[in-house]
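Keep in mind that the numbers below use all heavy atoms, side chains included, and drop hydrogens, waters and symmetry copies.
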Amino acid sequence: MTDTHIVIPARMASTRLPGKPLLDIGGKPMIQHVWERARESAVGDVTIATDDVRIADAAAAFGADCMLTGEDHRSGTDRIAEVAAARQWRDVNIVNVQGDEPFIPPAAIRQVSDLLQHHSQAQLATLAAPLQEAGAFEDPNCVKLVTDQNGFALYFSRAPIPFPREQPAAQSSQAQIGARRHVGIYGYRLDALQQMVAAPPCALEIAESLEQLRALWLGLRIVVADAVSTPAAGIDTAQDLANARRIATASAR
């Protein structure tokens with residue numbers, strides 16, 4: 001079985017919610033919640049990757065392994081690749097857990113790791129969930145995906161896909177057409193990660209602002225499964241933060 005490492009990329013410079021990783025949720029910084037969920041998955045060792053010493057100091061305070069990375073990375077994927085190179089990892093799988101998902105289920109992390117372990121033809125793995133929320137099908141902030149009959153990704157888009165040509169794209173039709181939203185957690189084989197960061201952004205990726213389209217453009221195969229435990233949405237806005245704080249308060253009772 002291939003060794004697996006979990007890396008949590010985290011940066012302070014969020015446009016909509018500055019300083020996001022260190023914002024308090026239930027008495028802990030957000031990044032600590034993510035780290036704890038990652039450790040609970042028992043998939044492998046967990047590293048926080050950041051370009052900000054404040055995050056590194058916070059990680060040290062709660063006992064996390066943390067690596068300071070360069071400040072010019074375009075994405076978390078690039079940051080993870082720097083960690084892999086610095087740690088001299090060879091022939092490993094890496095799970096990218098987003099630093100703004102404090103309630104990500106450990107089972108979802110395990111599922112992504114297992115997908116790579118059990119699908120030898122896949123270079124990447126990710127998760128999906130049936131699309132049920134009203135308005136989400138047309139919402140460009142909700143990324144949709146379609147797969148082939150074997151569960152490999154065909155395309156990801158902010159547009160409604162698959163598009164129901166013969167009927168309105170209403171909520172009642174989402175289940176009928178098999179609409180699914182992307183759950184943003186990734187597993188990579190190391191060589192696939194290296195191919196992605198070595199290539200420039202492609203036209204599809206730039207148009208949709210979706211990095212996973214670079215992987216498809218390069219011909220990498222992404223295996224997709226419906227999440228066994230669907231993560232809550234990440235924290236992107238002040239309202240998201242307020243909701244997360246309410247959830248943390250309720251669960252502590």
Side chain to side chain contact (heavy atoms under 4.5 Å, CB included) partner of Leu145, chosen from Gln212, Arg181, Arg180: Arg180

Side-chain contact test, heavy atoms from C-beta onward, threshold under 4.5 Å: evaluate it for [X] versus [Y] and give yes or no.
{"X": "Met67", "Y": "Arg87", "value": "yes"}
{"X": "Pro21", "Y": "Thr50", "value": "no"}
{"X": "Val197", "Y": "Glu82", "value": "no"}
{"X": "Met196", "Y": "Glu211", "value": "yes"}
{"X": "Pro201", "Y": "Arg74", "value": "yes"}

Arg214 meets the side chain to side chain donor-acceptor pair (under 3.5 Å) criterion, sequence neighbours left out, with Glu205

Can you measure from OG (Ser209) to CZ (Arg158) and round to the nearest 0.5 angstrom? 5.0 Å

Could you tell me the separation between the CG atom of Leu190 and the CD atom of Gln123, rounded to the nearest 0.5 Å? 12.5 Å

Restricting to ring pair (Phe, Tyr, Trp, His ring centres under 6.0 Å), what partner residues turn up for His182, sequence neighbours left out? Phe156, Tyr186

Test item: side-chain donor near acceptor, Arg189 and Thr2, under 3.5 Å: no

Show the nearest heavy-atom pair for residues Phe103 and Ala248, with the distance to one decimal. CZ-N, 4.3 Å

Evaluate side-chain hydrogen bond (donor to acceptor under 3.5 Å, both in side chains) for Asp191 paired with Gln195, printing each intermediate quantity in order. CA-CA 6 Å; Asp191 59 348; Gln195 287 183 62; 4.9 Å; no

Does a sphere of radius 6.0 Å around CG in Asp148 hold more than 12 heavy atoms from other residues, nucleotides or ligands, not counting ones at 6.0 Å or beyond? yes

Are the side chain of Lys144 and the backbone of Ala179 linked by a donor-acceptor contact shorter than 3.5 Å? no

Which residues end up grouped with Val43 if you chain together Ile, Leu, Val, Met, Phe, Trp and Tyr wherever their side-chain heavy atoms are less than 4.5 Å apart? Ile6, Ile8, Met12, Leu22, Ile31, Val34, Trp35, Val46, Ile48, Ile55, Phe62, Val95, Val97, Ile104, Ile109, Val112, Leu115, Leu127, Phe152, Val183, Ile185, Val223

